[in-house]
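First the structure, in the form of structure tokens, and then the observations on it.
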Amino acid sequence: MNFTADRGMPIIFVDNNVSERRKQLGLTQAQLEAAVGVTRRTIISLEKGKYTPSLLLALQLAQELKVDINDLFWLGGPENEKSDH
Amino acid sequence: MKKVIIEQIGNIIMVILATWTMSYMVANSYWHANGESSFRFGIYGILFLAWLIIFGIVRAILGRVDPSFNSSQGELSAGDEREKAISQQALRWIYHVMITLLLIELIAIPVLSLGMGAQPVLFAQAVVIALGGALIISFIVYLSGWLYFDAKE
């Protein structure tokens, strides 16, 4: 559910490093799924960057992964290529 | 995903049996002006009732196996926000298909009534099949939409 714009507007989507951070903490997808109360498919979809979570879920994930939300999620796309993430 | 597939297949079977039952009833029942009436549902009515019981049991088991399934919400049950979003997108598909089918039926049924005025039973069966068909198509569209958006997101 990435947000894209047409008519010449740049493509904007939300990128994340949930997978990397989860692995750093030694958590399995099942553990993360149970911690934030979503289904396994949602975690998989989120880690693949196919699903953009709500602000509430993003905050829950940041809390669970012990990281600032801005370090976990950021705007992706051509205009954000120079991001330091 | 499993809950949506089970729920929609169950709904489709239920509507097929209900359509058959009503179609049979229309052809084999009467209701005279003097109040005398007889309603027959045949074997289809028994199958319909049997399916309602079986489907009810299946839904009860599903509710125990899958905590994200809510029997009062049926196919709209969502395990999390992503499934809720998928349901909403699938519902949009249903909305478009249902409105289109109802508009077609709004025009087709009166036209049919003119052509089949001398055969009221056949006309009533045609209406039952048209309404049942619209419901079945809507269930199929919801299921297809759900599977499509689930794979996409």
Side-chain angles (χ1 to χ4, degrees), chain A residues 1-6 9-22 25 27-65 67 69-70 72-77 80, chain B residues 1-12 55 58-98 138-153:
Chain A
M1 205 187 293
N2 291 325
F3 298 100
T4 57
D6 53 10
M9 295 291 286
I11 296 167
I12 302 169
F13 60 92
V14 176
D15 210 346
N16 73 77
N17 63 1
V18 171
S19 178
E20 290 83 354
R21 185 63 190 152
R22 176 178 60 75
L25 293 177
L27 290 171
T28 63
Q29 286 182 329
Q31 286 170 322
L32 187 58
E33 149 201 343
V36 296
V38 295
T39 61
R40 178 74 58 86
R41 286 187 66 84
T42 297
I43 296 292
I44 293 168
S45 186
L46 208 148
E47 288 188 351
K48 282 183 179 172
K50 290 165 86 180
Y51 177 64
T52 303
S54 67
L55 181 58
L56 179 66
L57 179 56
L59 285 167
Q60 281 180 299
L61 285 163
Q63 190 178 46
E64 205 56 43
L65 295 172
V67 66
I69 192 167
N70 292 305
L72 198 60
F73 295 97
W74 62 92
L75 283 177
N80 299 288
Chain B
M1 179 166 63
K2 191 169 60 184
K3 60 178 175 278
V4 177
I5 294 171
I6 292 172
E7 185 77 13
Q8 291 309 77
I9 288 174
N11 283 339
I12 290 166
F55 192 34
V58 169
R59 295 176 93 233
I61 294 169
L62 185 63
R64 289 191 174 196
V65 174
D66 184 353
S68 71
F69 178 73
N70 182 335
S71 59
S72 64
Q73 292 189 344
E75 63 270 29
L76 298 180
S77 298
D80 59 21
E81 61 172 48
R82 179 178 157 274
E83 288 191 354
K84 204 176 280 182
I86 290 170
S87 291
Q88 286 172 355
Q89 286 169 312
L91 280 174
R92 275 192 197 176
W93 279 22
I94 271 207
Y95 175 81
H96 290 299
V97 169
M98 199 72 178
S138 298
F139 288 140
I140 291 170
V141 166
Y142 182 82
L143 179 58
S144 308
W146 215 98
L147 295 177
Y148 171 75
F149 290 114
D150 185 52
K152 192 181 168 196
E153 293 175 7

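The sequence lines fix the lettering, A, B, ..., with proteins before strands; numbering per chain opens at 1. Values below: all heavy atoms of this structure, side chains included; hydrogens, waters and symmetry mates excluded.
Atom CD of A:Glu20 has more than 12 neighbouring heavy atoms from other residues, nucleotides or ligands inside a 6.0 Å radius.
Heavy atoms closer than 4.5 Å to chain A are found in the backbone of B:Ala151, but not in its side chain.
Using a 4.5 Å cut-off between non-hydrogen atoms, the part of residues 32-45 of chain A that approaches chain B consists of A:Gly37, A:Val38, A:Thr39, A:Arg41, A:Thr42, A:Ser45.
Residues B:Glu81 and A:Tyr51 share a closest heavy-atom pair of OE2-OH, 2.7 Å.
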